[in-house]
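Sequence positions, counted from 1, serve as the residue numbers for this chain.
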Amino acid sequence: MFSDTLQIINYAPKHQADIRRILEHVGWAEQYITAAVRNADVFSKEPAVFGTYLAMAGREVAGFIYVQFHVWNRLAQIQGLAVDPHYQRRGIARALVDRAEVFALGKQARGIYVDTPTDNKRGRLFYEAAGYTFGYLMPRYYEDRLDGVTYQKFFDR
Ligand SMILES: CC(C)(COP(=O)(O)OP(=O)(O)OC[C@H]1O[C@@H](n2cnc3c(N)ncnc32)[C@H](O)[C@@H]1OP(=O)(O)O)[C@@H](O)C(=O)NCCC(=O)NCCS
């Protein structure tokens with residue numbers, strides 16, 4: 001677990017460059033980084049629908065999460081999650097997912113789900129450790145040769 005200097009705060013546009021820096025360090029392709037940076041600004045303007053949170057390690061942004069509430073099926077969806085490699089394996093993603101789940105529960109969501117590439121071993125192990133279970137496979141979801149996998153957590157379990 002991280003020390004007591006970890007804080008989860010709401011995203012603000014002044015932190016746009018931090019999202020980019022984290023994803024560059026993680027090694028994501030540019031099209032995903034561009035989308036994630038833009039999404040932070042778009043999502044944070046609609047707090048009734050989206051939670052956009054940053055993990056602050058002292059004064060540095062160590063990670064972020066976006067979560068969306070879908071009214072039509074009362075499920076929340078994690079739309080983005082990353083922790084700077086420098087800060088990984090200290091419980092920061094877990095703290096961010098806990099915050100996203102609080103957001104979802106506050107909307108009376110039935111549960112929460114997340115998509116990730118099938119080859120994202122670290123991400124899949126993380127979600128499994130956080131109590132998410134395999135939901136379904138989405139052939140060719142990310143690229144023609146890269147499938148997606150959905151993990152789910154229902155709150156009545
Ligand atoms: C996946 C990711 C968000 C995890 O962040 P993190 O802050 O390191 O995760 P935590 O420290 O909260 O991990 C909690 C638990 O998840 C599991 N876990 C996390 N990373 C793991 C890894 N690389 N290998 C195996 N298990 C892992 C462990 O059980 C861990 O507990 P432990 O450290 O006590 O063993 C981070 O690796 C990351 O940013 N990856 C790139 C982006 C990404 O894949 N995002 C998620 C999918 S879209």
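The shortest side-chain heavy-atom distance between V149 and F134 falls under the 4.5 Å cut-off. Between H86 and H25 the shortest side-chain heavy-atom distance does not fall below 4.5 Å. In this structure, S44 and N10 have side chains that are not in contact, with every pair of non-hydrogen atoms separated by 4.5 Å or more. Looking at heavy atoms from C-beta onward, Q68 lies out of side-chain contact with E46 at the 4.5 angstrom threshold. Within the 4.5 Å cutoff, the side chain of V71 has heavy atoms near those of the F69 side chain. Residues V114 and F126 form no side-chain contact, since every pair of their non-hydrogen atoms from C-beta on lies 4.5 Å or further apart. Residues I92 and Y87 form a side-chain contact, since some pair of their non-hydrogen atoms from C-beta on lies under 4.5 Å apart. R145 places none of its side-chain heavy atoms less than 4.5 Å from the side chain of R140.
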side-chain hydrogen bond (donor to acceptor under 3.5 Å, both in side chains) between Y11 and D41, worked out: CA-CA 8 Å; Y11 170 84; D41 284 337; 2.8 Å; yes
side-chain hydrogen bond (donor to acceptor under 3.5 Å, both in side chains) between D115 and T150, worked out: CA-CA 4 Å; D115 308 322; T150 297; 2.8 Å; yes
Residues Q152, Y136; criterion side-chain hydrogen bond (donor to acceptor under 3.5 Å, both in side chains); working and verdict: CA-CA 9 Å; Q152 306 168 307; Y136 52 92; 5.8 Å; no
Residue pair N39, Y66: steps toward the side chain to side chain contact (heavy atoms under 4.5 Å, CB included) verdict: CA-CA 9 Å; N39 283 346; Y66 312 147; 4.0 Å; yes
Stepwise side chain to side chain contact (heavy atoms under 4.5 Å, CB included) check, T116 with R124: CA-CA 8 Å; T116 199; R124 294 181 67 165; 3.9 Å; yes
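Nearest heavy-atom pair, I22 versus A62, reported as atom, atom and distance to 0.1 Å: CD1-C, 3.9 Å. The minimum heavy-atom distance linking E143 with Y32 is given by the pair OE2-OH, 3.5 Å. Heavy-atom minimum distance, F155 versus A109: CD1-O, 3.3 Å. When every heavy atom of F103 is checked against every heavy atom of P47, the shortest pair comes out as CE1-O, 4.0 Å. Across every non-hydrogen atom of I112 and Q77, the tightest pair is CG1-N, 4.5 Å. Between A95 and L6, the shortest heavy-atom distance links the atoms CB-CD2, 3.8 Å.
Rounding to the nearest 0.5 angstrom, the gap separating the CG atom in L96 from the CZ atom in F64 is 9.5 Å. Rounding to the nearest 0.5 Å places CE of M56 at 7.0 Å from CG of L54. We find the CG-OH distance between D147 and Y142 to be 10.5 Å, quoted to the nearest 0.5 Å. Y141 contributes atom OH, which lies 13.0 Å from atom OG1 of T118 (distance to the nearest 0.5 angstrom). Interatomic distance, T52 OG1 to Q79 CD, rounded to the nearest 0.5 Å: 12.0 Å.
No donor-acceptor pair under 3.5 Å is formed between the side chain of K153 and the backbone N or O of Y127.
Ring to ring, Y132 and Y151 are not that close: their centroids are 6.0 angstrom or more apart.
Using a 4.0 Å cut-off between charged nitrogen and carboxylate oxygen, D84 and R21 count as a salt-bridge pair. Using a 4.0 Å cut-off between a side-chain N of Lys or Arg and a carboxylate O of Asp or Glu, R20 and E30 qualify as a salt bridge.
Note on V102: it does not cluster hydrophobically with I78, by side-chain heavy-atom contacts below 4.5 Å among ILVMFWY residues.
The aromatic rings of H70 and Y113 lie parallel to each other, with less than 30° between the two planes, well short of the 60° mark.
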